[in-house]
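All remarks here apply to the structure that follows.
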Amino acid sequence: MLLTLTPLADAGVVALPPDLVWLKADGSRAGTGYGVRGDFAVSVSAADGPGGLEAKNPLQTAVIALLFTDVRVEGYEIDAGRAGDQRGWPGDGFDIDTAAGEQPLGSKLWLLRRMDLNDQTAMWAQAEAKRALAPLKAQGLCVKIEATATPDFANDTLWLAIALYGRDGAQVYASKFDLVWKLATGGA
């Protein structure tokens, strides 16, 4: 599966994927990376995007979708107590053209809530974020991906900073995501 921009020849426009944004618990927009859930951004005018949804930042939307879509994992990657939950989008089982270089989209960051918060987990998160974002590089949307995970033990949080760079070396995207352990494990 590929993320693409589809030209609408009849209208002479490009239809972008609808924007994903982070929302606070009360449903209002959160700052970049500081929300508790993602959702589509509703447009306030027809100029913002077709179908009533904003379509202004496809790169941000692609990053959020790739990092926070739960990709299917193998059984050995899950602890014995939860071996049945392998997640993943059902379409990945039949709509992947590996000959064309396609792969299932998403990340294994969802497994983090089952891990202890430590430096090794941070290193794993960095590597997984880079792997999940690799399709952006393969499609030429960036040439360099940086992921830095920093554990904040006092607040039970893992901060994941993502930066993407274009061909000219300029940063084309930067955001910091907060992966919370307390909420993931049912704590206060």
Does a salt bridge link Lys130 with Glu128, judged by any charged N lying under 4.0 Å from a carboxylate O? no

Using atom types as modelled and distance alone, determine if a side-chain donor or acceptor of [X] lies under 3.5 Å from a backbone N or O of [Y].
{"X": "Thr69", "Y": "Gly106", "value": "no"}
{"X": "Thr121", "Y": "Asp116", "value": "yes"}
{"X": "Glu146", "Y": "Ala163", "value": "no"}

Is [X] linked to [Y] within one hydrophobic cluster, defined over Ile, Leu, Val, Met, Phe, Trp and Tyr using a side-chain heavy-atom separation of less than 4.5 Å?
{"X": "Phe153", "Y": "Leu158", "result": "yes"}
{"X": "Leu105", "Y": "Leu59", "result": "yes"}
{"X": "Val63", "Y": "Leu141", "result": "yes"}
{"X": "Leu117", "Y": "Met123", "result": "no"}

Student check: side-chain heavy atoms of Val71 and Arg131 closer than 4.5 Å: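 Yes; the side chains approach each other to less than 4.5 Å.
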
Please examine the side chains of Pro151 and Asn118, heavy atoms only from C-beta on, and report whether any two atoms are closer than 4.5 Å.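 No, side chains not in contact.
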
Identify the two heavy atoms, one from [X] and one from [Y], that lie closest to each other, and give their separation to 0.1 Å.
{"X": "Asn155", "Y": "Asp152", "result": "ND2-OD2, 2.9 Å"}
{"X": "Ala149", "Y": "Ala122", "result": "CB-O, 3.2 Å"}
{"X": "Ala125", "Y": "Leu160", "result": "O-CD1, 4.4 Å"}
{"X": "Val143", "Y": "Lys137", "result": "O-CE, 3.1 Å"}

Any chance CD of Gln171 has more than 12 other-residue heavy atoms, nucleotides or ligands included, within less than 6.0 Å? yes

Tell me, with the steps shown, if Leu112 and Trp124 meet side-chain contact (heavy atoms from CB on, under 4.5 Å). CA-CA 9 Å; Leu112 288 176; Trp124 185 89; 3.4 Å; yes

[atom1]/[X] to [atom2]/[Y] distance, rounded to the nearest 0.5 angstrom?
{"X": "Asp70", "Y": "Leu109", "atom1": "CG", "atom2": "CG", "result": "9.0 Å"}
{"X": "Asp178", "Y": "Asp156", "atom1": "CG", "atom2": "CG", "result": "11.0 Å"}
{"X": "Ile162", "Y": "Thr148", "atom1": "CD1", "atom2": "OG1", "result": "7.5 Å"}
{"X": "Lys144", "Y": "Leu164", "atom1": "NZ", "atom2": "CG", "result": "11.0 Å"}

Would you please indicate if the ring centroids of Phe177 and Phe68 are separated by under 6.0 Å? yes

